[in-house]
Amino acid sequence: MPTYFPKRIEPKWQQYWLENKTFRAVDGDSRPKYYILDMFPYPSGDGLHVGHPEGYTATDILARYRRMKGFNVLHPMGWDAFGLPAEQYAVETGTHPRITTERNINTFRRQIQSLGFSYDWDREVNTTDPGYVHWTQWIFLNLYNTWYDEAADRGRPIDELPIPGDVTKAGERAIADYRNEHRLAYIAHAPVNWCAALGTVLANEEVINGVSERGGHPVTRLPMRQWMLRITTYAERLINDLVPLDWPEAIKEMQRNWIGRSEGAEVDFLLAEADGAEQWFADRGKSGFPKQAEEMVVRVYTTRPDTLFGATYMVLAPEHPLVDRITTAEQKEAVATYREEAAAKSDLDRTDLAKDKTGVFTGAYAINPVDKRKIPVWIADYVLMGYGTGAIMAVPAHDERDHEFATAFGLEIIPVVEPPKDAKVKEGVCFAGEGTAINSGLIDGLPTKKAKSRISDWLGEQGVGRKAVNYKLRDWLFSRQRYWGEPFPVLLDDEGNHYPVESDDLPVPLPELEDFKPTGTPEPPLSKAKDWLTVERDGKNYRRETNTMPQWAGSCWYYLRYIDPTNSGAGWDKEKENYWMPVDLYVGGAEHAVLHLLYARFWHKVLFDLGYVHTPEPFQQLVNQGMILGEMEFVGYRSPEGWVSLERTDGKGFLKGAKTALEAVSLSNDQVKKEGSDFVLAEDPTIKVDARSYKMSKSRGNVINPDHVVDEYGADALRLYEMFMGPLEATKPWSMKGVEGVWRFLNRVWRVIVDDRSEEMALLPAVVDAEPSRDELRVLHQTIRGVGDDIDAMRFNTAISKLMEFVNFLNPLEKRPKALLEPLVLMLSPFAPHMAEELWEALGHEETLAYVPWPAFDEKLCQEDEIEVVLQINNKVRSRMKAAADADDAALIAAAREDEKIVEMTSGKQVIKELVVASRKGKLVNFVVKD
RNA sequence: GCCGAAGUGGCGGAAUGGCAGACGCGCUGGAUUCAAAAUCCAGUUCAGGCAACUGAGUGUGGGUUCGAGUCCCACCUUCGGCACCA
């Protein structure tokens, strides 16, 4: 019986760990803490795919390793269970999302537990639990009750917001409105991304190229009443606080790009038809640059104030509020038509397809403040209302978009920047780089950087401009018109004023609805919950907010709930937070590089400002696991006339330059061969074929289900293979043969210790209590050192190969001392915990090995007595010799000179140099020789 | 277009500037077996040679160095992200 049989040992140990709560994290323990977090999954109906266990295995190895190293490890798991897919599925099948969600969670939990991860299951969280929703709503109320104090550079309670005197005089309503304008959670009536197919609005981040990120449905702009979160106030800190984090540079860069900070200037252009221009300029010189521009002034933002002299026209966004006021009678109709068209355009139309610039002249002119020239004011949809001031000064000589526009409409182009001599300026394209100012009055001859600061100073003195910083990041659109999400803890009165729900009344439950389908209009499904909708408070009737929160809400703070998952009096206990936070290591997919990580950091900073958490950042170290692709596939293309070589296709299954669809034929290994750097048909080497791995997808039919792998090879083999495939961060293709390879390795480990011909679980007679030899000890200690270093650096693939080498070393030994085997089992245990526990038990131990100290190594025992020295002539290996490990360089060179081959090859030649180099593998002597 | 990552055998991948290809897969040969599977042993970058060995070789072209997969410059390809953000 005791051949290696995962189906017997894996459930046995999984049950043991659960029953004994082996992996319980102890709050406030005296051991050093280590908080290691996985991005919790959205429990979809498809169940786990092999991408999930990749990150989970990596963190599990570290969690188990750290426990053996004496750490108090917090390693939890939970479910991000609100969200669109469950609800879409519910709508399609009529099953309540609570039911499908519960079912999916049960599947996910079963699958995850079948892989033997060492989670503390007492801390499992579910974002849809009322006990969890309670605190998500509580955090929302905290956002609602916070304003951002620019001076102190932090969020503060809304009660502390100073109210200006004139507001106080205007009465209660005015004070409330004033506060509402400053809350981090506020209501806006603005054009939003409405996706009719999903029946909800979407955040900017959820719209890719004008279609929804989920499902790829078209999105249109619609003005609606929405909850927004003032994330932009935290933009600067979200950028700056990235610096000390131990995150991949690429992810930091993506966040910085997303926030998109730019420095420049705001400049005011007085409209030419305004009266008293001279007076205006004089007044501005005295008063300085006002917070808000006057009625007849167009304020622009530019990153290139040095090009002001080249501004030959202005453009307002079609939605710009000034448009109505400035448009002349003759242009009224054209402008109105254009604005209607622009409003009707979806984002897709405005970006991707319509690269040709469009626009209309308003008939108005403005005065360029630097030279008092009159320049025309246009409207065009290439200027976005949501960025900067919604208006630009156009410098067609040095901005590609302005150049295109000016060319299309015959507007003047004045060069004001001389490109540096070595700059490559392409024909027909404008120069947008830095150079030297020309045709620019007071800044002539200055390099761009100096010109910028000089002109900004001048603008400041004149009161017509000032330095300014802008961000691409917009405030976060936080409401959705869907059923399956957290209700807002907010009440509305008949006038549309909003009031927070008392914290004693939390959570606001999600009402049970028979009909939770979207209404087909922007009216959310919760408006159908008649009993739930109306609330009486102090004799007055209120209506509940019917929007729900987006899926991101729950995942913004789940790492805090793990710390204190059952606390009903608070989201988490302050002392426990102080002990466990921050998360030491956070592992997950790179697809969350921007959205989830940015949102969570934002919430965390607000909580930090309010004193609820003690670190400004939640996640100290971040690692992204790479994507796992399907097995490598060979595909040949065939037309009715026969095979078509790869270079004659367009890469999308069509004949290049023609619309002929080709037949894609899956080819087996032996139907192809490699020729040079290409794969070709074996039967016709002139036909190149496609050889690559594809993303796993249902439609492609290349999805690997972890259940099947566990069923056939066991969880230990799956875990080991996922780690052995290659570096954690890399994208890599799946190979079932590879799984078989590590499974064979596990069998070899088993047979090195266990007598597989015995009926009972028994050790091999070769397993002895004897002292290991010096050589054996050396290999053991080198292995301990190497495996430990590799795990610390998360090089799991090479750690496993070192274990394989060690087993290959043990295999031929006739006597296998336990002193070699026990460390092997311990080192294997983070990777293949079930087998390790089983072997540990077989070796005579009664307790789990989860807390047995990690084997220590002795540097002295790692040393070899005798080493092999490579002898090179002109860097080519020509001979080898043995030498004592401690021989000095002179001795090595002397010995090398004696070497027969070296003597032969250096005779009659001039030896210029003799070098001794210590390398990873040993030592090397190189003779540099000249003829 | 911009930003980022990566290009090494038939495949996944190893290599603090110092013996390229560890480890695994696949393949070839052998042992074991009535036979097969499993297992074990040997070989396996390419070219030439029975062999010892010799030459070439880490996307391409240059450079630094006694020495480059690794560092520098230019380019090509693939993947990921962003894309009218003034």
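Naming convention: chains lettered A, B, ... in sequence-line order (proteins, then strands); numbering from 1 in each chain. This structure is a prediction, so every number in the text was calculated from the model and none was measured.
What separates CG of A/Leu718 from P of B/G24 is a distance of 20 Å, to the nearest Å. Taking atom CD1 on A/Ile259 and atom C1' on B/C3, their separation rounds to 15 Å, with Å as the unit. As a whole-Å value, the separation of A/Asp306 CG from B/A86 P is 14 Å. Between the CD1 atom of A/Ile873 and the C1' atom of B/C19 there is a distance of 14 Å, given to the nearest Å. Atoms CG (A/Asn874) and P (B/G55) sit 12 Å apart, rounded to a whole Å. At whole-Å resolution of the value, CD1 in A/Ile379 and C1' in B/C84 are 16 Å apart. In this structure, the CD atom of A/Glu249 is 10 Å from the C1' atom of B/G4, given to the nearest Å.
The 5' end of RNA chain B is approached more closely, in terms of each residue's nearest nucleotide, by A/Glu868 than by the other of A/Ile800 and A/Glu868. Map A/Val870 and A/Phe634 each onto its nearest nucleotide of RNA chain B; the residue landing nearer the 5' end is A/Phe634.
For A/His398 (side chain) and A/Ala432 (main-chain N/O), no donor-acceptor pair under 3.5 Å exists by modelled atom type.
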- Item | Letter per nucleotide, 5' to 3', of nucleotides 11-18 of chain B [B base touched, S only sugar-phosphate touched, - untouched; heavy atoms, 4.0 Å] | SBSSSB-B
- Query: Just by protein heavy atoms under 4.0 Å, how would nucleotides 35-49 of chain B read 5' to 3' in B, S and -?
  - Reply: ----SS---------
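The minimum heavy-atom distance between A/Glu266 and A/Thr389, with the atom names listed, is OE2-CG2, 4.3 Å. Counting all heavy atoms, side chain and backbone alike, A/Val689 lies closest to A/Gly636 at CG1-CA, 4.0 Å. Closest approach of A/Arg256 to A/Glu249, counting heavy atoms only: NH1-OE2, 3.6 Å.
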- Item | Residue pair A/Ile231, A/Leu238: steps toward the side chain to side chain contact (heavy atoms under 4.5 Å, CB included) verdict | CA-CA 9 Å; A/Ile231 189 172; A/Leu238 287 168; 3.9 Å; yes
- Under the side chain to side chain contact (heavy atoms under 4.5 Å, CB included) criterion, do A/Leu720 and A/Ile800 qualify, and how do the steps go? CA-CA 8 Å; A/Leu720 209 60; A/Ile800 293 168; 3.8 Å; yes
- Task: Begin with the C-alpha distance, continue with both residues' side-chain angles, and end with the deciding distance and a verdict on ring pair (Phe, Tyr, Trp, His ring centres under 6.0 Å) for A/Trp734 and A/Tyr721.
- Result: CA-CA 9 Å; A/Trp734 187 266; A/Tyr721 174 65; 4.9 Å; yes
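Here the rule is side-chain contact (heavy atoms from CB on, under 4.5 Å) with A/Met881, and of A/Val870, A/Leu892, A/Ile867 only A/Leu892 fits it. None of A/Val752, A/Val754, A/Leu746 except one satisfies the side-chain contact (heavy atoms from CB on, under 4.5 Å) rule with A/Trp750; the exception is A/Val754.
Distance from the side chain of A/Val928 is smallest to B/C66 among B/C19, B/A86, B/C66.
The ring pair (Phe, Tyr, Trp, His ring centres under 6.0 Å) check on A/Phe796 picks up nothing, with sequence neighbours excluded. Residues meeting the side chain to side chain contact (heavy atoms under 4.5 Å, CB included) test with A/Ser693, sequence neighbours left out: A/Leu629, A/Met632, A/Pro733.
Within residues 802-810 of chain A, the residues approaching RNA chain B are A/Met804, A/Glu805, A/Asn808, by heavy-atom distance under 4.0 Å.
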- Query: RNA chain B in dot-bracket, Watson-Crick or G-U pairs under 3.5 Å, [ ] crossing, | other strand?
  - Reply: (((((((..(((.....[....)))((((((.......))))))((((....))))..(((((..]....))))))))))))....
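Seen from the ring of A/Tyr382, A/Lys357 counts as a face-on cation partner, given the 6.0 Å and 45° thresholds. Judged by the 6.0 Å and 45° rule, A/Arg299 forms no cation-pi pair with A/Tyr301.
For B/A56, one of the phosphate oxygens OP1 or OP2 lies less than 4.0 angstrom from a side-chain nitrogen or oxygen of A/Lys876.
Between A/Glu263 and A/Lys452, no side-chain nitrogen of the basic residue sits less than 4.0 Å from a carboxylate oxygen of the acidic one, so the salt-bridge criterion is not met.
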